[in-house]
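Structure record follows, encoded as structure tokens.
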Protein chains: 2
Amino acid sequence: MDLPDSVVITEEGPREGFQIEPGPIATADKIALIDALSACGLRRIQVGSFVNPKHVPGWADAEAVMEGFTAREGVEYSALWFNEGGLKRALAFENKLTLAGFISLSASEPFAIRNLNRERLGQLDAMRDYVRVHRQAGVPIAKIIVMAAFGCNFAGDVSPAKVVETVADGLAIAREAGVEVRDVSLADSMGWATPRRVAAAVGAVRERWDDLRIALHLHDTRGQGIACAYEGLRLGVTAFDAAVAGLGGCPFAGQPGAPGNIATEELVLLCEEMGISTGLDIEALIEAGRLAERIVGHRLPSAALRSGTLAAFRRRAA
Amino acid sequence: MDLPDSVVITEEGPREGFQIEPGPIATADKIALIDALSACGLRRIQVGSFVNPKHVPGWADAEAVMEGFTAREGVEYSALWFNEGGLKRALAFENKLTLAGFISLSASEPFAIRNLNRERLGQLDAMRDYVRVHRQAGVPIAKIIVMAAFGCNFAGDVSPAKVVETVADGLAIAREAGVEVRDVSLADSMGWATPRRVAAAVGAVRERWDDLRIALHLHDTRGQGIACAYEGLRLGVTAFDAAVAGLGGCPFAGQPGAPGNIATEELVLLCEEMGISTGLDIEALIEAGRLAERIVGHRLPSAALRSGTLAAFRRRAA
């Protein structure tokens, strides 16, 4: 079995996880989770969003969170924003955060209309502006994110050709701005991916561009997320997003109660148990996941949280 | 991608699911779930256990359940038992049930001691008696079940060589009794399987015996179950056990709250979305899963239960 030796996991729990919770999450709890995650061996943690508090009230305290967490050596902390206002707020933390912009485009136009209130040309215009503003501020554009890359609750199936077209749109925007982008993230925003769709989309992008690095942002909406991650590993993908305890989900997908992102500890278990190094301390990660559950006050989707690691059983058996 | 055209799924929810629940489940509810499952296109449903009510009080009403459900044309209904007493009780329903015995052996001796109160030689003796009693009653021995085929909470890792040894033990018992057995089920009783371990165990059994048909009985204890099922499909496995809504689990595994069997609807989703026919009506299955949740009175692990099928979104999008 030809699998990669190691992968890099970007933890998105703090950012993705709390915005979907109905109740307010205390700033101190957000900070506590980030600090717990910093001790798990993660190299990349997305810690918050600089977004309009009117639209995402759960991140009204972004500044306080950025000030409050303790940055750990060797960990890259990132944040998300969608416009110039957000960028400006993020720039105040350029010493603590690794600032980078993303060209985010939906492969499904109906999703873009619902989620971003923009159709395809509107998306492209907005991203041109976004890239220009980042260039002016000296903030790099790190990657192209293809949302709804495997299917869409509002459009149905999304073809690999549509994914290729969306990546091409993103590359064109980068090129026009004189920016080189080598990383593409295929995001299963609404849980449509299957291993077969992952293989088809990754294959189509690779066939067109053999120099792009592909990352997978998978959701476990229908229980297929870890199987899709496994297919990614088989295809040699080495960059994945995940959220501790399975925090999060897409607030625009219209499926209350459905799991969101794949759980970091389940992805780590998949990798480590197959000999693929993640650099993560899975037991510390499970403890962080339990902290996340205490913070949100309800069960989170991760099965590994309840069953514990195999290592613990191996020690007991030895 | 070279995947099978179709698979056969054995539904074990009614049998596996209710024995682990703390409270008593009403006989009428068990019957209602079986009847709901019968309408989903399943060809095989395991409907109950004839086991000692002192050990498994949840199945003290096995006779009443067998009498109560409505057998549907084209569906094979099976039950489980472990000894002559159980067999005799099952024989009373030979017109309604497809009676068959299984040579069940644990690949992990510590699991057998905990779960069955028997070490290896004790297991073999017990299975010899079991096969003899079935032969005398004219009940066929359908398959060999290898429990703990991928790892064990009490023994740690279980090697493919141990799986082969266990299958060899089972085949020897069958041969001594003049019985031909062609089916082997590899059971991940405690959620240790990964795709790599599935490939190793299936490969080792196939290398030794090229005429055995391998089935997989997977648990989702650590969120790896559907990824393992996908690996099984890749290897050409076409027989799987599953439990609607993810009912069940192993009462002896010592992990309260951890998921049990892979959820039938998540397995069906994996298969059907990749073009592998299951013959099942996934929307009816999800309704049956919701009935199972109402019956047990708490959330069951299946993600697909909450998110619904993709077909529903496709219809809406069209």
Side-chain angles (χ1 to χ4, degrees), chain A residues 1 3 108 110 151-157 190-197 199-200 220-231 233-234 246 253-259 262-263 265-267 269-270 273-275 299 301-310 313-318, chain B residues 1 3 108 110 151-157 190-197 199-200 220-231 233-234 246 253-259 262-263 265-267 269-270 273-275 299 301-310 313-318:
Chain A
M1 207 178 273
L3 299 172
S108 154
C152 171
N153 290 359
F154 311 108
D157 296 289
M190 287 159 285
W192 281 65
T194 63
R196 184 164 254 173
R197 281 189 200 115
D220 198 33
T221 319
R222 291 173 180 83
Q224 315 292 312
I226 296 295
C228 292
Y230 169 56
E231 182 65 13
L233 294 170
R234 288 189 61 243
Q255 295 158 280
I262 52 171
E265 60 277 18
E266 292 184 6
L267 177 61
L269 217 138
L270 174 75
E273 288 288 330
M274 297 200 302
R299 266 176 82 132
S302 165
L305 265 200
R306 262 153 283 286
S307 55
T309 68
L310 294 173
F313 287 107
R314 276 193 195 101
R315 279 198 303 273
R316 239 177 284 168
Chain B
M1 205 178 276
L3 299 171
S108 154
C152 171
N153 289 0
F154 311 108
D157 295 290
M190 286 159 285
W192 281 63
T194 63
R196 184 164 251 171
R197 282 191 198 110
D220 198 32
T221 318
R222 292 173 180 82
Q224 314 292 314
I226 295 296
C228 292
Y230 169 56
E231 182 65 14
L233 293 170
R234 288 189 59 242
Q255 294 158 283
I262 53 171
E265 59 277 19
E266 291 184 7
L267 177 61
L269 216 136
L270 174 74
E273 287 288 329
M274 298 199 301
R299 264 174 83 130
S302 165
L305 265 200
R306 259 153 285 287
S307 54
T309 68
L310 295 173
F313 287 108
R314 278 194 193 99
R315 278 198 303 273
R316 239 177 287 167

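Convention: sequence-line order gives letters A, B, ...; per-chain numbering from 1.
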Handout entry: With B:Ala193 via side chain to side chain contact (heavy atoms under 4.5 Å, CB included) - residues at least two apart
Key =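 Residues passing side chain to side chain contact (heavy atoms under 4.5 Å, CB included) with B:Ala193: B:Phe150, B:Asp188, B:Val198, B:Leu218, B:Cys228.
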
Exercise for the section: Determine the option with the most heavy-atom pairs under 4.5 angstrom with chain B, choosing from A:Ala304, A:Gly223, A:Gly156. Expected result: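 Most heavy-atom pairs within the cutoff with chain B belong to A:Gly223.
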
Handout entry: Top contributor to chain B interface from A:Leu267, A:Leu270, A:Leu305 [non-hydrogen pairs under 4.5 Å]
Key =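 Ranked by heavy-atom pairs under 4.5 Å with chain B, first place is A:Leu270.
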
Roughly how far, to the nearest 0.5 Å, is [atom2] of [Y] from [atom1] of [X]?
X: A:Tyr230; Y: B:Arg196; atom1: OH; atom2: CZ; value: 8.5 Å
X: B:Thr194; Y: A:Leu269; atom1: OG1; atom2: CG; value: 9.0 Å
X: A:Glu231; Y: B:Glu231; atom1: CD; atom2: CD; value: 9.5 Å

Problem - Heavy-atom closest contact (A:Leu310 atom, B:Gly191 atom, distance) - result: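 Minimum heavy-atom separation between A:Leu310 and B:Gly191: CD2-O, 4.1 Å.
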
Problem - Distance-minimising heavy-atom pair for B:Phe154 and A:Ala317 - result: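 Minimum heavy-atom contact is O-CB, 3.4 Å.
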
Exercise for the section: Verify, without hydrogens or angle tests, whether A:Glu266 (side chain) and B:Gln224 (backbone) share a donor-acceptor contact under 3.5 angstrom. Expected result: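 No; judged by distance alone, with no hydrogens or angles, the pair does not exist.
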
Exercise for the section: Specify whether A:Phe313 and B:Trp192 have parallel, tilted or perpendicular ring planes, treating 30° as the upper limit for parallel and 60° as the lower limit for perpendicular. Expected result: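 Judged by the thresholds at 30° and 60°, the geometry between A:Phe313 and B:Trp192 is tilted.
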
Problem - chain B contact via A:Arg315 - side chain, backbone, both or neither, heavy atoms under 4.5 Å - result: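 Neither part, no heavy atoms under 4.5 Å.
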
For the residue pair [X] and [Y], establish whether any side-chain heavy-atom pair is separated by less than 4.5 Å.
X: A:Arg197; Y: B:Glu273; answer: yes
X: A:Arg222; Y: B:Thr309; answer: no
X: B:Pro195; Y: A:Leu233; answer: no

Exercise for the section: Taking side-chain hydrogen bond (donor to acceptor under 3.5 Å, both in side chains) as the test, write out the residues that go with A:Glu265, two or more places apart. Expected result: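 Expected list: A:Ser302.
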
